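One structure is given here, and the rest of the page talks about it.
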Amino acid sequence: MRQNRMILPTLREVPKEAEVTSHKLMLRAGLVRQLVAGVYTYLPLGLRVLKKIENIVREEMNKSGAQELQMSVLQPAELWHETGRWDDYGPELVRLKDRHSRDFVLGPTHEEVITSLIKQEINSYKKLPINVYQIQTKFRDERRPRFGLMRGREFLMKDAYSFHTSYESLSETYDEMYKTYNAIFNRVGLKFRPVQANAGAIGGSGRNHEFMVLADVGEDTIAICDHCDYAANLEQAEAHGAEVAAAGAAPSTEAPAFEKIHTPNTKTIDQLVSTLGLEAQTFFKTLLYVVDDKPVAVVVRGDHEVNELKLKDLFDAKTLELADDATIERVTGAPTGFIGPVGLKNTALVVDKAVAGVQVGVAGANERDYHLQNVVPGRDFALERVADIRNVVEGDTCPSCKEGKIEFYRGIECGHIFELGTKYSVPINATFLDENQKAQTMIMGCYGIGVSRIMSAVLEQSHDDNGIVWPLSIAPFQVHLIPVNVKDETQVKVAEQLYTRLQQQGIEVLMDDRDERAGVKFKDSDLIGLPVRVTVGKMAGDGIVEFKVRQTGESKELTLEQAFEEITGLVLGQ
RNA sequence: CGGAAUGUAGCGCAGUUUGGUAGCGCGCUCGCCUUGGGAGCGAGAGGUCCAGGGUUCGAAUCCCUGCAUUCCGACCA
């Protein structure tokens with residue numbers, strides 16, 4: 001393609017709406033433009049990248065035996081009522097009415113539609129298992145879209161759904177998808193890590209893994225063992241509980257009875273640590289939650305935080321939120337900051353495993369301006385309900401190998417695979433007839449990839465001070481051909497010949513035929529970041545051009561023939 | 001949803017405190033010059049100053065309301 005006529009508006013300055021690197025780069029390099037918050041127009045260059053990613057995903061999915069189809073973005077509300085998600089999904093679901101006032105949604109995902117389709121079309125065990133997918137635009141009315149394509153309200157996603165007669169069959173397809181996802185993320189050139197994850201709103205009963213691209217701006221924290229291959233999302237990572245059993249079984253009897261201490265206006269653990277001069281881990285931090293409209297007091301160690309997802313799972317709860325100040329006073333009789341597990345009535349009590357491992361500590365007294373010291377778990381408050389309800393912290397022992405230490409990394413979730421089970425097939429009544437002519441509920445899996453988000457993720461990982469460094473596999477063009485001076489007939493002639501010849505080889509070439517100064521062209525070229533640059537300059541008359549690799553900066557002067565060989569070798573992989 | 005900031009030319013910003021009729025840099029157009037790392041000189045085009053209401057002889061500037069964008073937090077795939 002000739003750059004002169006292409007919509008490729010590069011920017012010298014960064015629009016102020018962009019904060020993170022990938023967002024800045026995609027605006028500066030002319031890949032996208034924002035329409036409204038979280039919604040973008042893909043310009044020609046950006047669209048080419050998107051299509052390349054899409055095609056890699058498509059090729060690998062097809063290779064795995066999945067079949068592509070395409071469902072509508074617009075979906076009738078009835079289906080969402082059937083699964084209950086019309087009510088459960090919340091304000092992220094974009095709802096609208098047609099001219100007859102019928103309710104519709106813009107699909108944030110397609111479990112309902114696909115399950116309903118398969119229910120109608122697949123009735124026999126002979127047709128199963130089956131795995132279908134689409135690459136389709138999705139809508140989620142995010143509370144806070146941010147970071148460009150990283151978290152948009154409109155985004156491109158590959159979503160696949162598999163249907164099975166047995167859990168064994170589901171497991172096979174799941175493993176196949178796990179492999180396929182690894183292949184996809186390797187091909188697009190990302191450093192990533194599959195991690196154990198929480199099923200969240202999509203639900204499901206079986207395994208699920210997220211494919212996390214490692215990047216500082218990632219919105220998720222992932223816990224990785226420095227010794228074995230354990231890796232999990234922080235919200236899912238299990239706290240190793242070895243210290244618990246021992247300590248919990250034998251409460252310290254040495255300690256004197258607990259006593260009240262005056263702690264005026266000392267509400268936070270930090271304040272207590274500095275006032276009392278004790279370590280944070282000797283405090284019993286007590287928080288009051290409202291779980292499905294009932295109060296639940298939760299005790300964790302002072303240096304730990306509550307993991308709300310674990311708590312939610314523990315109660316199999318629909319809703320969970322921190323109690324407000326009024327509720328806290330009503331239930332505990334004390335203002336926020338002074339509540340503790342000792343003598344607490346009117347509420348359920350859940351104690352974290354690590355708390356059960358503490359011999360003696362300090363807790364709130366359920367009275368304004370007072371705490372209790374010499375509090376012994378099991379003696380002074382019940383250890384009836386002990387569970388893992390905290391976030392792991394760095395340095396924790398690995399729950400898998402029990403040897404390594406947990407380290408934290410930030411990750412961008414670019415893929416997620418689930419063993420769903422029957423969460424959608426039951427309400428939609430998707431069944432098949434088995435060998436005995438008996439109706440059975442289909443067992444499902446689902447598998448998503450954030451196609452547009454991958455573009456952001458690649459930019460986060462693959463750039464330098466001068467701009468983007470595209471991996472060859474998803475570069476919008478493979479070669480940037482730059483005649484330095486388009487008023488020099490020799491340069492133009494040489495460049496045109498090379499342009500034609502490379503294209504005949506099936507190589508994608510962007511030729512900068514603009515009447516710009518060399519400096520401008522080079523700066524733009526570095527910014528756009530195509531893998532190979534060929535400069536046709538003063539030595540064009542002698543048949544010499546400059547060949548430069550964007551990633552390494554390696555550059556050499558070659559004859560036209562050598563350059564041609566070098567390019568085809570590099571790009572076509574010979 | 002809570003907190004904060006911002007909104008003036010395509011992009012980045014000044015002007016707002018102290019009201020007086022719109023500026024700078026980059027980009028864009030034309031001419032000259034220049035052609036290997038965002039050159040130089042000259043001449044131009046381009047603005048509902050986010051919107052609506054109010055105060056005033058007069059509002060980008062003061063007041064009220066709303067909207068948008070961004071950041072932090074909460075929430076959530």
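Letters A, B, ... are given to chains in the order of the sequence lines, protein chains preceding strands, and every chain is numbered from 1. Any value given below was found using the heavy atoms of this structure, including those in side chains, with hydrogens, waters and symmetry copies removed. Keep in mind it's a predicted model, so treat the numbers as computed, not measured.
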Any side-chain N or O of [X] below 4.0 angstrom from OP1/OP2 of [N]?
X        : N      : result
A:Arg517 : B:rG38 : no
A:Gln491 : B:rU35 : no
A:Lys523 : B:rG37 : no

Given atom [atom1] of [X] and atom [atom2] of [N], what is their separation to the nearest angstrom?
X        : N      : atom1 : atom2 : value
A:Asp515 : B:rG38 : CG    : C1'   : 15 Å
A:Phe522 : B:rU35 : CZ    : P     : 15 Å
A:Arg143 : B:rC75 : CZ    : C1'   : 4 Å
A:Arg151 : B:rC75 : CZ    : C1'   : 10 Å
A:Glu305 : B:rG73 : CD    : P     : 13 Å
A:Glu19  : B:rG73 : CD    : P     : 12 Å
A:Tyr40  : B:rU70 : OH    : P     : 6 Å
A:Arg514 : B:rG38 : CZ    : P     : 14 Å

Nearest 0.5 Å, please: how far is [atom2] in [Y] from [atom1] in [X]?
X        : Y        : atom1 : atom2 : answer
A:Lys312 : A:Asn307 : NZ    : CG    : 11.5 Å
A:His463 : A:Asp526 : NE2   : CG    : 14.0 Å
A:Ile114 : A:Tyr133 : CD1   : OH    : 12.5 Å

With a 3.5 Å limit on both atom pairs, tell me what [N] is paired to, counting Watson-Crick and G-U wobble, or say none.
N      : result
B:rU48 : none
B:rU35 : none
B:rU69 : B:rA5
B:rA43 : B:rU29

I'd like to know if [X] reaches the base of [N] with its side chain such that a donor and an acceptor end up less than 3.5 angstrom apart.
X        : N      : value
A:Arg533 : B:rG37 : yes
A:Arg28  : B:rG38 : yes
A:Glu546 : B:rG36 : yes

Matching residue for A:Arg95 among A:Phe104, A:Trp80, A:Trp86 - test: side-chain contact (heavy atoms from CB on, under 4.5 Å):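 The side-chain contact (heavy atoms from CB on, under 4.5 Å) with A:Arg95 is passed solely by A:Trp86 among A:Phe104, A:Trp80, A:Trp86.
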Whichever of A:His416 and A:Glu17 has its nearest RNA chain B nucleotide further upstream toward 5':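 Whichever sits nearer the 5' end wins; that is A:Glu17.
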To the side chain of [X], which of [options] is closest?
X        : options                : answer
A:Glu516 : B:rC28, B:rU35, B:rU8  : B:rC28
A:Lys487 : B:rC71, B:rU35, B:rC76 : B:rU35
A:Arg12  : B:rG37, B:rC71, B:rG38 : B:rG38

Separation between the C1' atoms of B:rC75 and B:rC28, rounded to whole Å: 44 Å
A:Glu305 atom CD, neighbour heavy-atom count above 12 within 6.0 Å: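 For A:Glu305, atom CD is not crowded (no more than 12 foreign heavy atoms under 6.0 Å).
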Distance flag, aromatic centroids of A:Phe155 and A:Tyr40, threshold under 6.0 Å: no
